[in-house]
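Here the structure is laid out as structure tokens; the discussion comes afterwards.
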Amino acid sequence: MPKNLVIVESPAKAKTIEGYLGKDFVVKSSFGHIRDLPKGNKAIDIENGFEPKYEISADKKQVIKDLKKEVKSSKVVWLATDEDREGEAISWHLVEALKLKPENTKRIVFHEITKPAILKAIENPRGVNKNLVDAQQARRILDRLVGFELSPVLWKKVKQGLSAGRVQSVGVRIIIDREREIEAHVASSKFRVVGEFLTQAGKIVKAEGKKRFDSEDEAQAFLDACSTSSHTVKALETKPAKKQPTAPFTTSTLQQEASRKLGFSVQRTMSVAQKLYEAGRITYMRTDSVTLSDQALDGAASAIANNYGDEYCQRRNFINKNSNAQEAHEAIRPTDFGLNKHNGTSDQEKLYGLIWRRAIASQMADARLEKTTATIDVSNSSELFVAKGEVITFEGFLKVYLEGTDDENDDEAKGLLPAMTQGESMNRKTIIATQRFVNHPPRYTEASLVKKLEELGIGRPSTYASTISVIQNRGYIDMPERDGTKRDYRVLTLEGSELSSKTSTETTGAEKNKLAPTDIGIVVNDFLIEHFGDILEYNFTADVEKKFDVIASGQGNWQDMIKEFYNPFKVKVDDTLKNAERASGERILGVDPESGKQILVRIGRYGPMAQLGKADDEDKRFSSLRKGQTLESITIDQALLLFKLPRNLGEFEGKKVVTDIGRFGPYVRHDGKFISIKKDTDDDPYTLVLDRAVELIKAKRAADEAALLKVFEEDETVRIIEGRWGPYIKAGKTNVKIPKGEDYTTIDWERAQELIETNSKPPSTKRNRGKVKKK
DNA sequence: CAGTGAGCGAGCTTCCGCTTGACTT
């Protein structure tokens with residue numbers, strides 16, 4: 001029977017460690033936190049020094065039961081949870097929940113899951129650090145107080161079911177502040193000049209004009225001057241340069257790169273990484289550390305030497321730039337550098353490849369480059385052209401990996417410049433001046449928001465993904481697809497001595513997967529900033545973190561710290577509840593000329609809406625705003641249109657025909673059926689006439705008929721239908737995919753039943769818009 | 001991936017952080 005019980009947080013970790021320790025050890029997992037504050041408002045006894053009442057979480061009852069059994073049959077319990085604030089607290093909760101005796105309990109820590117690290121830890125046990133635990137309790141209690149005091153204020157003053165918190169509310173603010181910058185952005189443009197010249201040997205050199213001109217007239221004047229000018233190479237300079245690899249991945253940088261290079265959402269990155277971790281292929285994926293263990297450094301070095309040669313090896317230690325980092329783990333890296341591929345799903349293969357290359361590159365030599373700059377003059381002007389070239393003389397880490405960039409304007413393609421000599425005369429081929437607009441600052445992506453949060457020290461590796469989904473699920477933030485708008489720009493071309501000009505068109509502002517605030521997000525944010533500005537400050541978390549650090553170092557008492565925060569906070573909460581105006585984002589747009597009634601927009605029980613008639617009117621009417629409409633930007637004409645629908649067109653076959661606009665665009669409804677009105681047609685729900693609607697209904701019937709491939713006699717509600725992506729089975733309301741390569745004509749009743757059976761849909765992983773259901 | 005589409009409200013919502021599995025709308 002084992003005499004020693006080791007408890008860690010993760011079951012995958014437990015399995016690995018058990019392999020390192022002898023037969024006398026059994027290793028179990030706590031599956032993260034085991035106790036927490038209960039849900040209600042009585043979890044913290046505010047009058048009694050903020051005394052928290054903890055409760056074993058529902059899903060951990062069985063875990064505790066199992067652990068208790070193990071404790072009984074063990075002589076020594078080793079608490080091996082992570083060495084950070086949360087990990088220390090888990091150990092303390094384990095002591096409490098399992099009623100561990102000090103003489104049989106040892107606390108050990110390690111930062112890497114390697115055999116030497118674990119054996120060393122076993123030799124250096126300590127007790128639970130109560131100061132660190134207290135810092136965690138302060139963190140937990142502060143978050144509960146902030147969240148559970150602020151949220152009800154929002155229920156009362158804005159809308160039911162909303163939420164606020166130390167992390168999410170600042171996350172939303174970051175998006176909204178950026179949106180305000182974008183709104184304030186004034187379109188401006190400059191003319192950028194690019195010349196193509198020929199060397200004496202006839203090779204093309206592309207060079208950019210040093211100056212950008214403010215107006216077309218100035219650009220034209222310059223091109224005029226060029227048309228009668230000659231050009232020579234005025235200066236030629238070549239100097240060596242170096243590039244260094246970036247550190248191996250943390251959670252945050254993994255999410256960013258997987259977003260940039262693989263197009264993964266942060267949530268997708270984390271679940272793929274979890275699978276790789278469980279398969280034992282990568283180290284722990286929720287980490288803020290850039291450190292690699294000695295064992296890893298050796299592994300990387302030999303993999304690099306084998307794959308690329310000794311000259312590519314360079315051992316490096318990276319230092320964390322993130323001062324908030326708790327570094328309880330290693331950086332994210334392959335557990336075996338010898339394996340540069342992983343056989344799994346395609347997502348797993350891609351993410352593993354990325355992790356392997358990033359970690360390998362971090363231990364490789366600098367890349368060496370030669371940068372050449374040629375300056376070309378203009379005889380009739382003092383302006384200059386500059387040509388830049390770059391040659392890699394030694395690839396180093398670039399052989400494996402180059403970090404992606406968020407900069408959308410990064411279009412500098414550099415290569416080798418042709419041979420030139422100083423003073424060489426150049427023949428002008430073309431000079432083109434193009435009007436270029438200055439873009440507004442970019443909207444955040446999920447991953448760039450994570451980067452910003454990390455910089456501000458807000459949130460932890462384990463919460464970035466869930467914070468992103470919370471602010472979307474609450475309806476504060478959205479990812480609207482924008483088609484972009486067309487914009488004209490001017491192009492002036494000098495070819496030989498011929499000057500011409502034209503107007504071209506570009507699309508600007510097309511966006512996908514960019515975060516933008518909703519009306520509710522904006523109203524909530526403005527309200528919180530007005531009444532609780534200090535908590536909404538970007539550095540609120542950083543400031544309280546400093547106080548937690550004081551508690552952790554034993555220099556301060558957690559109750560005092562919480563009291564100092566809570567007392568004035570509570571006064572503000574009460575004052576706001578009593579005195580603050582309801583915040584609804586209300587805008588009175590004017591009066592409906594037809595009915596003479598007032599029309600306004602505001603946040604209603606179900607979100608943004610328009611209201612025709614005053615609050616005390618008997619026959620006031622309501623309508624939700626449509627997709628793309630916002631409280632701030634909707635016009636009275638647009639709002640009035642909302643009340644023109646639904647329109648009753650009359651009857652067909654004795655049933656009403658109605659047009660309206662739904663979540664998925666305009667439609668005609670007849671006899672319980674919906675017929676979408678297609679885009680890019682002249683049909684419009686506001687003007688559609690009955691005859692045309694009947695045509696649409698008949699066309700839809702014909703199309704449905706044509707798509708119907710088979711009806712099963714056994715049950716007429718089961719059919720095979722030709723869909724947009726090929727045939728599928730429709731059984732009542734559920735749709736069932738036909739496996740690839742299977743011919744639908746061969747599907748008989750039995751096979752159909754089989755497919756319906758096995759395809760009974762797994763729970764949708766799609767986000768719940770607006771509503772969050774509890775489990 | 002295929003379908004979908006209202007209601008202006010009678011009673012409950014919410015935090016952050018640590019971990020994995022999990023049902024029924």
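Throughout, protein chains are lettered first and strands after them, A, B, ... in sequence-line order, and every chain is numbered starting at 1.
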Mind checking [X] for me? I need base, sugar-phosphate or nothing, with any heavy atom below 4.0 Å counting as a touch.
X	answer
A:S466	nothing
A:G165	sugar-phosphate
A:S151	base
A:G459	sugar-phosphate
A:V146	nothing
A:A89	nothing
A:S624	base
A:Y464	nothing

Of the candidate nucleotides [options], which contains the atom at the shortest distance from the side chain of [X]?
X	options	result
A:Y277	B:dT14, B:dG5, B:dT20	B:dT20
A:Y284	B:dG7, B:dT19, B:dC16	B:dT19
A:N41	B:dC12, B:dT14, B:dC16	B:dT14
A:Q274	B:dT20, B:dC18, B:dC15	B:dT20
A:R140	B:dT20, B:dC8, B:dC16	B:dC16
A:R460	B:dC8, B:dG9, B:dC18	B:dC18
A:F148	B:dC15, B:dA6, B:dG7	B:dC15
A:E278	B:dC15, B:dT20, B:dC8	B:dT20
A:P11	B:dC16, B:dG9, B:dT20	B:dT20

Is the shortest side-chain N/O distance from [X] to OP1 or OP2 of [N] below 4.0 Å?
X	N	answer
A:Y667	B:dA6	yes
A:R35	B:dC18	no
A:R669	B:dT4	no
A:Q160	B:dG11	no
A:Q168	B:dC15	yes
A:S30	B:dT19	no
A:S10	B:dT19	no

Atom [atom1] of [X] and atom [atom2] of [N]: how far apart are they, to the nearest Å?
X	N	atom1	atom2	result
A:K275	B:dT20	NZ	C1'	9 Å
A:L94	B:dT19	CG	C1'	12 Å
A:L145	B:dT14	CG	P	18 Å
A:M270	B:dC18	CE	P	11 Å
A:Q136	B:dT19	CD	P	13 Å
A:L162	B:dC15	CG	C1'	14 Å
A:Q137	B:dC18	CD	C1'	15 Å
A:Q267	B:dT20	CD	C1'	13 Å

Which value, in whole Å, describes the distance between the [atom1] atoms of nucleotides [N] and [M]?
N	M	atom1	answer
B:dT13	B:dG9	C1'	15 Å
B:dT25	B:dT4	C1'	15 Å
B:dG17	B:dG21	P	23 Å

> Between A:K700, A:K655, A:R701, A:K656, which is the residue that forms a salt bridge (charged side-chain N to carboxylate O under 4.0 Å, His left out) with A:D671?
Replying inline: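 That would be A:K655; it is the only one of A:K700, A:K655, A:R701, A:K656 passing the salt bridge (charged side-chain N to carboxylate O under 4.0 Å, His left out) with A:D671.
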
Under-4.0 Å salt bridge between [X] and [Y]:
X	Y	answer
A:K546	A:D543	yes
A:D660	A:R669	no
A:R107	A:E88	yes

> Does the aromatic ring of A:W155 sit over the six-membered base ring of B:dT13, closer than 5.5 Å centre to centre and tilted less than 30°?
Replying inline: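 Stacked: centres under 5.5 Å apart, planes under 30°.
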
> Would you say A:F674 stacks on B:dG5, if stacking means ring centres under 5.5 Å apart and planes within less than 30 degrees?
Replying inline: yes

>> Quick one: does any side-chain atom of A:R582 pair with a main-chain N or O of A:V158 as donor and acceptor, under 3.5 Å?
In response: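 Answer holds: yes.
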
> With distance as the sole criterion, do the side chain of A:R144 and the base of B:dC15 form a donor-acceptor contact below 3.5 Å?
Replying inline: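 Side chain to base: pair found, below 3.5 Å.
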
>> Is it the case that the base of B:dC18 and the side chain of A:R286 share a donor-acceptor contact (distance under 3.5 Å, atom types as modelled)?
In response: no

>> Both A:P666 and A:K60 contact DNA chain B. Which one's nearest nucleotide lies toward the 5' end?
In response: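 Looking at DNA chain B, the more 5' nearest nucleotide goes with A:P666.
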
>> Using heavy-atom distances to pick each residue's nearest nucleotide on DNA chain B, tell me which of A:L150 and A:Q326 is more 5'.
In response: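 Nearer the 5' end of the strand: A:L150.
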
> Would you call the rings of A:F527 and A:H531 parallel, tilted or perpendicular if under 30° counts as parallel and over 60° as perpendicular?
Replying inline: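 The arrangement is tilted - the two ring planes meet at 30° to 60°.
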
>> Parallel, tilted or perpendicular: which one describes the rings of A:Y284 and A:H329, with boundaries at 30° and 60°?
In response: tilted

> Could A:R144 and A:F148 be counted as a cation-pi pair, given that NZ or CZ must be under 6.0 Å from the ring centre and within 45° of the axis?
Replying inline: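 Checked: cation-pi criterion met.
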
> With a cut-off of 6.0 Å (strictly less than), are more than 12 heavy atoms of other residues, nucleotides or ligands near NZ of A:K159?
Replying inline: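 For A:K159, atom NZ is crowded (more than 12 foreign heavy atoms under 6.0 Å).
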
